[in-house]
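These notes concern the structure reproduced below.
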Amino acid sequence: MNNFQYRKEMSAKTAVNSAASRNETAFIAGGTNIIDLWKYNITNPEILIDINDIEELKHIQELENGGVRLGALVKNADTAYHPLIEEQYPLLSKAILAGASAQIRNMATDGGNLLQRTRCYYFYDPDVPCNKRSPGSGCPALNGFNRMHAILGANDNCIAVFPSDMCVALAALDAVVNVRSVNGERSIPFEDFHRLPGDTPHLDNTLEKGEIITSIDLPPNKLNQNYSYLKLRDRHSYAFALVSVAAAFEINGKQITNAAIALGGVAHKPWRVKEAEKFLIGKQATEQNFEQAAVIILDGAVGRGDNDFKIPLARRAVIRACFMALNPNTQRPGAQPAL
Ligand code: SF4
């Protein structure tokens, strides 16, 4: 039993002040991941800062530029079913509803979704080494059971994948993460928020110590007519993605005028290759062009044995998600996909 102090804070300002006052602190919001991490002794805060009653972080609001701001403490389910999100960012609704279970989506917060940690089984097993849990100790997944692991952006330090569905859509939608610390506020483009393992596999993101996510901004776009979120997994609910694809287009006739494609389940962060999107812009929405985009996205993909199957699976998933985006109605329960 580890003793800890519990503090409830009522504003973002006092929360970051509390976090700055001691070495080992942790924020708790929905608690859907940190409780697991604590039970497995992966995290051990001296002070647990409960931010659930910070009213200023609980709202979804329209921005003057036509975009939408998600408060960090808005529940995932409330975001997915919010009229503004269903209308303007249906790709985000679909991605959230593909994740976890209804019970978890009712508890988990939008800020917390960004901060969840990998579900690599070795990471949660304190009896084996793990560079993410204990830097320099090794990575048993390299020559172990690595069916769920990364095919892109990994190295021998860590081949874990980031497990979120919501974040795959946020990456495709060019979201911006607003954070606060005792030093003030700053905004982080989504593509810079999560990290690849590099030489620091223990770091999942670019948050500084004591920083708190206050909100996530969705810029205005016209990606709400042709979109899809395709999640391939071992069972139809309550399972993490083997591969997922968020795809959205603006289309004029049959010509693609804007494209956004991001993959989940394949890397240490949501995987987006803008060269593939540039390739598609100005092209016809054809299988040949979608296949070429998939080839660009998967350039450099490496399997580690058990997960070799993910490379062809991801290629086919990109093509299929692009076709599904041409006709979002095909994503109704029971409907046949376009390809
Ligand atoms: Fe740890 Fe990463 Fe290796 Fe999993 S893949 S055992 S998280 S270092």
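Counting starts at 1 for both ligands and their atoms, in listed order.
With a 6.0 Å radius and a threshold of 12 heavy atoms from other residues, nucleotides or ligands, Phe309 has its CZ atom above the threshold.
Checked against a 6.0 Å centroid threshold, the rings of Phe240 and Phe162 do not count as neighbours.
With rounding to the nearest 0.5 Å, the separation of CD in Gln116 from CG in Asn113 is 5.0 Å.
Follow the hydrophobic side-chain contacts under 4.5 Å out from Ile188 and you never reach Val176; the two are in separate clusters.
Between Lys132 and Asp204 there is a salt bridge, since at least one side-chain N of the basic residue sits less than 4.0 Å from a carboxylate O of the acidic one.
Close contacts between ligand 1 and Pro140 involve ligand atoms 6 (S) [criterion: under 4.0 Å to a heavy atom].
The distance cut-off of 2.8 Å around atom 2 (Fe) of ligand 1 captures these protein N, O or S atoms, sorted by chain and number: Cys158 SG.
In terms of the side chain to side chain contact (heavy atoms under 4.5 Å, CB included) criterion, residue partners of Ala19 (sequence neighbours excluded) are, by chain and number, Thr25, Phe27, Ile49.
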